[in-house]
Structures are given as structure tokens and as C-alpha cells.
Number of protein chains: 2
Amino acid sequence: MIEPASITNVMRALADPTRRAVYERIVSSDEITVVELTRGSGVTQGAISQHLKSLKQAGLVAERPEGRNVYYRAEPEGLTPLVDWMSHYGVFWRERFTNLRTLLKEIDP
Amino acid sequence: MIEPASITNVMRALADPTRRAVYERIVSSDEITVVELTRGSGVTQGAISQHLKSLKQAGLVAERPEGRNVYYRAEPEGLTPLVDWMSHYGVFWRERFTNLRTLLKEIDP
DNA sequence: AAAATACGATAGTTGAGACTAATTGATTAG
DNA sequence: CTAATCAATTAGTCTCAACTATCGTATTTT
């Protein structure tokens, strides 16, 4: 059972552009190492490690050590607090349900 | 035409608990003044004004001056960057489409 | 065994932002 | 007119976070 991170943790984790870019790369790839994440990030490996720590604490990513590599992947339940929050306070969000409806059909025609 | 705020602006604006609480109160109420927002916020009026400035720059709220009062309301398009971002990177979010489907039926049975 | 690689952890620096207190400008009340 | 109220703004303080640089550890390679 995964400890549900607070909405503040998730929001804060994704607020930083660098850290959000790291998360986006993790989501886009199935699994990815720290070295690959560091490459082309513009910051040092230590910075990436710290960002990964934040993302992990926010419940957004999970790690899988293998030998001297550590593979990171996105945690499926990670964005749940964000979705829940928007379901509650994003009232006007319903204006955009047309798009969601399209997306739904795409998944479940 | 409303200037679309960046995802970073929106995320950063909502990341702070105090500022997010202000936004939530604005969403919950139709219109609300600075005095009312200050009451029970735990911070000074100046702090509230600064938070409102951030929320306004993020495109999340709008103001309507009337006499010596300024009424704030939520901006409908404000959360659009957040929805767009989640549509793109929140792949696993689709796990929760069951709930969204329920919500859809509630709106458009 | 020695060297190289991949990560993690920590100390220290810097800059940003959240806040208070105080001032100012504008509007309303007495 | 004068006093009071509402909101924005500024200056100044303080905390926190993002980052670099560095060291330490485990694993792999030669």
C-alpha cells in the first residue's frame, strides 16, 4: 500500500521547471537511469539526485536498483492527489470536458 | 482575449498552501473581498494582496473594483494549462477515468 | 588489485519568496 | 473637512530551496 502524498507535496514537486522536466522524461520513457536523466538536463548529477528524491517523496516516481544502476519509473498513483484536487476545486474545468469526452472516446470508443 | 499563463506560473501559484487556500476560498464563493479573504487566513492583509497578485498573474483570478472594495472571482480559463499538462503527461491518470466517466454522466446524462 | 563508473549524501552558497510592518492612495462616513 | 476603511505597495527580515562541489560507497572493468 502506497502512502498517499499530500497535494502540497505533489504541487511543490511539479512547480519547479527543472524537476518537472525530469518527471516528464521519466513518464515519457518506460524506465530511465540517473545518468541518462543528467545528460542534457543542464544541471549536475547531484542536482538530479535531489530532484529524484523530491519526486520520490511526492509519490510521483519509484526506483529499481539493478547493479550499479538505478532505474526510475513513474508511479501510476502519483498524480491522484492532483486529479482529486481538480475534481473538487476545478469547477470551471468542466468547460473543457468536451476535450475530455474526445479523449474518452479515444480510449473507450 | 486572455493571456494564457504558463504551466509553471500556475503550478507555482498553487504550490503554496496559503495561496492555494486563498484560491480555494475564491472558487468556493462567487465573489469575495480582500477583507473577507484576510479574515481567518492567519496572515496580514498585505500578504493576501501579494498572493492575489500572484494568482492574478497566473491567470487564476480576476478582480472587480467597486468603490473602496475590490471583489475577486475565479477565472474560468485559469486551470487550462494544468488540464492540458495532465492530458499530455498524466498518462497513468487514465486509471481514474472511471471517476471522470461518472462525473461526465452527472453533467451530461 | 587498481581504476573507472554510477549514485547517494552532505556542506556551503546563493537567490527567491513568504511574511510583517508601515506608508500611500482612494473611497466612504460622520 | 476630518476620520475611518479598504486595498496596494514598499522596505526589510527570514526561511527555504536549488544548485555546485566534494566525498563516500558499491559495482563493474581491465
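Within every chain, numbering begins at 1; the chains are lettered A, B, ... in the order of the sequence lines, protein sequences first and strands thereafter.
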Would you please confirm or rule out a distance under 4.0 Å between OP1 or OP2 of [N] and any side-chain N or O of [X]?
| X | N | answer |
| --- | --- | --- |
| A:Tyr71 | C:dA6 | no |
| A:Ser49 | C:dG8 | yes |
| A:Thr33 | C:dA6 | no |
| B:Arg12 | C:dG17 | yes |
| B:His51 | C:dG17 | no |
| B:Tyr72 | D:dA8 | yes |
| B:Thr44 | C:dC19 | no |

### Message
A side-chain contact here means heavy atoms from C-beta on lying under 4.5 Å apart; do B:Tyr23 and B:Asp16 qualify?
### Response
no

### Query
Side chains of A:Met86 and B:Met86: closer than 4.5 Å at any heavy-atom pair?
yes

#### Entry: Ionic contact status for B:Glu66 with B:Arg64, cut-off 4.0 Å
yes

### Message
Any donor-acceptor pair, under 3.5 Å, between the side chain of B:Gln50 and the base of D:dA8, if you only look at N and O atoms?
### Response
no

### Query
A:Arg68 side chain: which of D:dA7, D:dT29, C:dG8 is closest?
D:dT29

#### Entry: Whichever of B:Arg19 and A:Leu52 has its nearest DNA chain C nucleotide further upstream toward 5'
A:Leu52

### First encountered from the 5' end of DNA chain C, between A:Asn69 and B:Asp16
A:Asn69

### Message
So, taking the atom named CD in A:Glu24 and the one named CG in A:Leu14, what distance separates them when rounded to the nearest 0.5 Å?
### Response
8.5 Å

### Task
Just call it for A:Gly67: base, sugar-phosphate, or nothing, with non-hydrogen atoms closer than 4.0 Å on any strand.
sugar-phosphate

